[in-house]
K.L.:
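Sharing a structure, written as structure tokens. Questions coming.
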Amino acid sequence: MYELFLTALVEDKDFNAACAVLSGFCAMSPWETVNRVLYLQGPPRPSGITNQSSIDKPLRKDLALLWKELHQSLSRQSCILQVRYEIVKDRDMGPSAAPMDLDSMPGVLRWADFPDPPHGRPLLTQRKMVEIWEQKKLLPIMRDNNYRFKTEILEENYRFFREEIEFCLTRQYFLRSIGDYAPLESRGGQQPSPLTSLPAWDAVTPVDMQNRWILLVKSHVVQDNKPDDIKLAQDQLLSIRGELEGAFDFKIIDRKVHDTRIAQQQQGIQALPQKVMLGKA
């Protein structure tokens, strides 16, 4: 599958106005969701998804094809993946909430490739991706394949739809102390694990210090080997950008922002330190 999207920033004070514009544009009220998003870091050398012992059998044909596609992609390049669970603020957060059994909860496994170069369309971000929905035991499956839990956040979304185009206002929140968002390699060998219980909603901290929202206008092309379908999606998004001109200021986003790849260290070569201090100690 191919994902293509436009990006705009929305100030917190403009959130209600943005919702009003999108509600009118799409002729619908927003659909609000909150997702718990876990990040899993792949092994230093890509190895795909070779151990499938924890995957529930039998697999439907469509799911088997998605697992095969994911395996092929991760055999070429090791990446950071997302495991996503939809939660309810009042039920799943706070001191009175029951502990979450993530292994028994159906979740979404998401892999997104490094975005394509702009090719004359700098406002558009487009990338290959795989999403596997309604899967249980996702953490054991990935652990079996040497993927390590890295950290987690909350993601608040307000979605609108106009035919096949999705408009998503999203904002992310820290769930843990800021030190838990450092690279795994800098944590002294400590292996973190997902929280057993989530803090109350009013206790989480926005990732963006300015508390802004991000608007993503997205299109998905299922058959990503059909360039005509991708061109049609590009034209649709650029047309929508023109229709929304004056309401939203869509930005050019450096594709490195969306880079999930893990640098591969060649065997027999020592990795250089990430910071080099010059001059006197």
Side-chain angles (χ1 to χ4, degrees), residues 1-37 39 82 84-93 108 110 112 115 118 121-127 129 131 152-175 181 198-221 232-258 260:
M1 179 170 69
Y2 237 67
E3 179 183 55
L4 304 91
F5 56 92
L6 296 162
T7 307
L9 294 176
V10 176
E11 300 294 334
D12 188 48
K13 63 181 177 62
D14 297 326
F15 173 74
N16 289 334
C19 282
V21 170
L22 293 173
S23 291
F25 193 72
C26 300
M28 65 171 288
S29 299
W31 171 35
E32 180 186 3
T33 59
V34 177
N35 291 100
R36 181 179 180 179
V37 184
Y39 293 89
Q82 294 182 18
R84 306 171 64 87
Y85 300 95
E86 187 171 340
I87 66 169
V88 178
K89 296 176 186 176
D90 297 336
R91 182 193 66 197
D92 299 316
M93 301 185 68
V108 180
R110 176 183 293 179
R121 296 182 176 85
L123 288 172
L124 286 176
T125 302
Q126 58 184 55
R127 58 188 180 181
M129 67 183 304
E131 284 189 337
E152 58 185 323
I153 62 166
L154 285 184
E155 187 178 273
E156 184 180 18
N157 298 298
Y158 288 80
R159 289 187 171 89
F160 307 79
F161 295 90
R162 184 181 181 185
E163 297 178 348
E164 70 276 10
I165 304 297
E166 176 185 347
F167 302 77
C168 182
L169 285 163
T170 184
R171 186 160 65 182
Q172 296 181 333
Y173 301 86
F174 290 122
L175 273 173
Y181 295 90
L198 302 180
W201 176 254
D202 57 8
V204 298
T205 304
V207 171
D208 181 6
M209 295 180 63
Q210 296 177 256
N211 212 18
R212 293 171 295 187
W213 295 81
I214 297 174
L215 171 63
L216 300 176
V217 182
K218 298 190 284 187
S219 177
H220 294 95
V221 178
L232 177 61
Q234 292 171 340
D235 293 343
Q236 287 177 322
L237 289 176
L238 293 177
S239 175
I240 287 172
R241 181 239 176 177
E243 291 183 73
L244 293 176
E245 189 173 4
F248 299 103
D249 182 16
F250 292 101
K251 302 291 187 181
I252 296 173
I253 304 297
D254 189 332
R255 65 188 182 128
K256 293 178 183 177
V257 170
H258 301 288
T260 64

K.L.:
Could you check E32 against K89 for side chain to side chain contact (heavy atoms under 4.5 Å, CB included), going step by step and ending with a plain yes or no?
P.N.:
CA-CA 11 Å; E32 180 186 3; K89 296 176 186 176; 3.3 Å; yes
K.L.:
Considering non-hydrogen atoms only, spot the tightest contact between M93 and P199 and give its length.
P.N.:
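So the minimum-distance heavy-atom pair works out to CE-O, 3.0 Å.
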K.L.:
Apply the side-chain contact (heavy atoms from CB on, under 4.5 Å) test between F160 and each candidate in I165, L22, V217; give the one that qualifies.
P.N.:
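Running side-chain contact (heavy atoms from CB on, under 4.5 Å) over I165, L22, V217 with F160 returns exactly one hit, L22.
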K.L.:
Starting at CD1 of I153, measure out to CD of Q172 and round the result to the nearest 0.5 Å.
P.N.:
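Reported value, rounded in 0.5 Å steps: 3.5 Å.
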K.L.:
For a quick check under 3.5 Å, do E156 and Y173 share a side-chain donor-acceptor pair by atom type?
P.N.:
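Looking only at side-chain atoms, Y173 and E156 do form a donor-acceptor pair, the distance falling under 3.5 Å.
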K.L.:
Would you find more than 12 non-hydrogen atoms of other residues, nucleotides or ligands less than 6.0 Å from D12 atom CG?
P.N.:
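Yes, because the 6.0 Å sphere around CG of D12 holds more than 12 heavy atoms from other groups.
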K.L.:
Does NZ or CZ of R162 come closer than 6.0 Å to the centre of the six-membered ring of F25, within 45° of the ring's axis?
P.N.:
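Cation-pi check for R162 and F25: passes.
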K.L.:
Kindly indicate whether the side chain of N157, heavy atoms from C-beta on, has any atom under 4.5 Å from the side chain of V34.
P.N.:
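Sidechains of V34 and N157: no contact.
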K.L.:
Ignoring hydrogens and geometry, is there a side-chain-to-backbone donor-acceptor pair from Y181 to E152 under 3.5 Å?
P.N.:
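Between the backbone of E152 and the side chain of Y181 there is a qualifying donor-acceptor contact (under 3.5 Å).
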K.L.:
Identify the two heavy atoms, one from L244 and one from F167, that lie closest to each other, and give their separation to 0.1 Å.
P.N.:
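Distance-wise, the nearest heavy atoms are CD1-CE2, 4.1 Å.
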K.L.:
Is a side-chain donor or acceptor of S23 paired with a backbone partner of M28 at a separation under 3.5 angstrom?
P.N.:
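The answer is yes, because a donor-acceptor pair under 3.5 Å joins these two groups.
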K.L.:
With no hydrogens and no angle check, is any side-chain donor or acceptor of D254 less than 3.5 Å from a backbone partner on K256?
P.N.:
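Yes; at least one donor-acceptor contact below 3.5 Å.
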K.L.:
Does the plane of the ring in F161 sit parallel, tilted or perpendicular to the ring in W31? Use 30° and 60° as the thresholds.
P.N.:
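Geometry flag for W31 against F161: tilted rings.
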K.L.:
Tell me if a side-chain donor or acceptor on T260 pairs with a main-chain N or O of A112 at a distance below 3.5 Å.
P.N.:
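The answer is yes, because a donor-acceptor pair under 3.5 Å joins these two groups.
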K.L.:
What I'd like to find out is whether the side chain of E166 reaches to under 4.5 Å of the side chain of F5, using heavy atoms alone.
P.N.:
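No; the side chains remain at least 4.5 Å from each other.
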K.L.:
Looking at N211, is its backbone amide N or carbonyl O close enough to the side chain of R171 to form a donor-acceptor pair, meaning the two atoms are under 3.5 Å apart?
P.N.:
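Yes; judged by distance alone, with no hydrogens or angles, the pair exists.
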K.L.:
Distance check, rounded to the nearest 0.5 Å: Y158 atom OH versus T170 atom OG1?
P.N.:
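The distance works out to 11.0 Å.
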K.L.:
Flag the pair L154 / I87 as yes when at least one side-chain heavy-atom distance between them is below 4.5 Å, and no otherwise.
P.N.:
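Side chain of L154 against side chain of I87, heavy atoms only: contact under 4.5 Å found.
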K.L.:
Hey, what do you get for CZ (R127) to CE (M1), rounding to the nearest 0.5 Å?
P.N.:
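R127 CZ to M1 CE: 10.0 Å, rounded to 0.5 Å.
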K.L.:
Other residues, nucleotides and ligands only: do more than 12 of their heavy atoms fall within 6.0 Å of CD1 on I214?
P.N.:
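For I214, atom CD1 is not crowded (no more than 12 foreign heavy atoms under 6.0 Å).
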K.L.:
Over all heavy atoms of both residues, which pair between E131 and V108 is shortest? Give the atoms and the distance, please.
P.N.:
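Heavy-atom minimum between the residues: CB-CG1, 4.4 Å.
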